Participant: 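Pasting in a structure now, in structure tokens, and then I'll have a few things to ask.
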Amino acid sequence: MSSTVDRSEILPLTPEIERATAERYARVAHVIPAVEWTLAAPYIVEIDRLKCERNAVILAHHYQSPAIYHGIADYVGDSLGLALEAAKTDADVIVMCGVHFMAETAKLVNPEKIVLSPDLEAGCSLAESITGRDVRLLRERYPNTPVVSYVNTSAEVKAESDICCTSANAVRVVESLGVSRVLFLPDKYLADYVASQTKVEIIAWHGACEVHERFTPDQIREFREENPGSVVLAHPECPPDVLAEADYVGSTSGMITWIGKQRPSRVILVTECSMSANIAGAHPNVEFLRPCILCPHMQRITLPKVRTALERLAPEVVVPAEIAVRARRSVERMLDLEKVPT
Ligand code: 13P
Ligand code: SF4
């Protein structure tokens, strides 16, 4: 697990701070040693104070470190949940504890608000895999074929797309277009998964998530053999031969909902490693066995960086107006679909 406060300044710990954070520590005591919490707690209290002062809301993805997830987040969710929450907040400032495309999406639906990304370098291998120019070239090659972009893309790519999707709604978004084929980008594995769930022809780009592409079917089989009775939940960014080993395939929030409903006794979460640590406390009767791979981009977000962002109201996410207006359309089209009952 990544360090809670990295190598930043050590803030003094007082009895008041210990009291103010005791309840939150109880939620993470299984993964954060007490000595590490003594470093985190003063930052958490400082962030609480700044959050009130700035009328800020902190949104965090399921892959954030437990100190962020349980210590400071007002809302935790998958990419779709974060976008929906960002669209409805009345806070003046949004701090996105996640990667850059998540902060950019929050900015697109909140052009008037300040959106902070505590580390602008928190990228994503999928977002890096394609540019706006690539999409324009694809459109030339496949005229009259709508472009569905995963939210794990830059605003520039969203601006060249017809509609966005997340792993939670990709099949629904593709089918909502009422066409026989779509360009689906940039994740080749999510594209394969969507193709397996629909009759719509999927033309895929060749991007991949650097975390999920590392899982292998042999690894999953070995885990199952070593841990009899365990169920396998996998994210659709995994390769198809890995998904073939899974009992359930879904977004990060989808997996959490599945666990809540099915109450399995042993679970292998084939996704980024932090998520098991974050949700284990809420499921004391579930044993989480994880092949542990961390997303280095997600782990760039730390408590000291969040504190600095709130103090300075920077780094702010900025999207040039001519890109924002077109990118927003793609995101809002997806969010509008969420308002239609299934
Ligand atoms: P979710 O939308 O399922 O949370 O996935 C986001 C992501 O980046 C997975 O790697
Ligand atoms: Fe991107 Fe993969 Fe990290 Fe998700 S886990 S943010 S898809 S690199």
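All values derive from a computational prediction rather than experimental measurement. Each residue takes its place number in the sequence, starting with 1. Counting starts at 1 for both ligands and their atoms, following the listed order. Because only heavy atoms are used, hydrogens play no part in the values below, and waters and symmetry mates are left out as well, while side chains stay in.
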Participant: Under a heavy-atom criterion of less than 4.0 Å, does Glu272 contact ligand 2?
Facilitator: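 Glu272 does not count as a contact of ligand 2 under the 4.0 Å cut-off.
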Participant: Flag the pair Glu160 and Arg326 as a salt bridge only when some basic side-chain nitrogen lies within less than 4.0 angstrom of an acidic carboxylate oxygen.
Facilitator: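 Yes, this pair counts.
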Participant: Hey, are Arg307 and Glu9 close enough for a salt bridge, meaning a charged N less than 4.0 Å from a carboxylate O?
Facilitator: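 Salt bridge: yes.
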Participant: Identify whether the distance between the nearest side-chain nitrogen and carboxylate oxygen of Glu53 and Arg49 falls below 4.0 Å.
Facilitator: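 So Glu53 pairs with Arg49 through a salt bridge.
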Participant: Within a distance under 4.0 Å of any heavy atom of Tyr63, pick out the atoms of ligand 2 and give their elements.
Facilitator: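 By the 4.0 Å cutoff, the relevant atoms are 5 (S).
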Participant: OG/Ser274 to CG/Leu294 distance, rounded to the nearest 0.5 angstrom?
Facilitator: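 So the gap between those two atoms works out to 5.0 Å.
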Participant: Go through ligand 2 atom by atom and flag the ones less than 4.0 Å from a non-hydrogen atom of Asn152.
Facilitator: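 Atoms satisfying the 4.0 Å criterion: 7 (S).
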Participant: Show the atoms of ligand 2 that are less than 4.0 angstrom away from any heavy atom in Ser125.
Facilitator: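 Reading through ligand 2 atom by atom, the close ones are 8 (S).
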Participant: Without hydrogens or angle criteria, can the side chains of Gln64 and Asn278 be said to hold a donor-acceptor pair below 3.5 Å?
Facilitator: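 Looking only at side-chain atoms, Asn278 and Gln64 do not form any donor-acceptor pair under 3.5 Å.
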Participant: Just jot down the ligand 2 atoms closer than 4.0 angstrom to any heavy atom of Leu126, in number order.
Facilitator: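 The atoms of ligand 2 under 4.0 Å from a heavy atom of Leu126 are 7 (S).
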Participant: Ligand 1: which residues have a non-hydrogen atom closer than 4.0 Å?
Facilitator: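 Contacts of ligand 1 under 4.0 Å: His61, Tyr63, Asp78, Ser79, Asn152, Ser167, His212, His235, Glu237, Ser251, Thr252.
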Participant: Does Asp336 come within less than 4.0 Å of Arg333, counting only side-chain N to carboxylate O?
Facilitator: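 Result for this pair is no, no salt bridge flagged.
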Participant: Using a distance threshold of 2.8 Å, state whether an N, O or S atom of Cys295 lies below it from atom 3 (Fe) of ligand 2.
Facilitator: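 Checking atom 3 (Fe) of ligand 2 against Cys295, an N, O or S atom does fall under 2.8 Å.
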Participant: Examine all N, O or S atoms of Cys124, backbone included, and report whether one is under 2.8 Å from atom 1 (Fe) of ligand 2.
Facilitator: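 Under 2.8 Å: Cys124 contacts atom 1 (Fe) of ligand 2 through an N, O or S atom.
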Participant: For atom 2 (Fe) of ligand 2, grab the closest protein heavy atom and report residue, atom and distance to one decimal in Å.
Facilitator: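 Heavy-atom neighbour on the protein nearest atom 2 (Fe) of ligand 2: Cys209 SG, 2.3 Å.
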Participant: Taking the basic N atoms (NZ, or NE/NH1/NH2) and the acidic carboxylate oxygens, is any pair closer than 4.0 Å for Asp162 and Arg139?
Facilitator: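 A salt bridge is present here (some side-chain N lies under 4.0 Å from a carboxylate O).
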Participant: Is it true that Arg19 and Glu16 have a side-chain N and a carboxylate O under 4.0 angstrom from each other?
Facilitator: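 Glu16 and Arg19: salt-bridged.
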Participant: Are Asp90 and Lys113 close enough for a salt bridge, meaning some N to O gap below 4.0 Å?
Facilitator: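 Judged by the 4.0 Å cut-off on N to carboxylate O distance, Asp90 and Lys113 do not form a salt bridge.
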Participant: So does Glu85 pair up with Lys88, basic N to acidic O under 4.0 Å?
Facilitator: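 Result for this pair is yes, salt bridge flagged.
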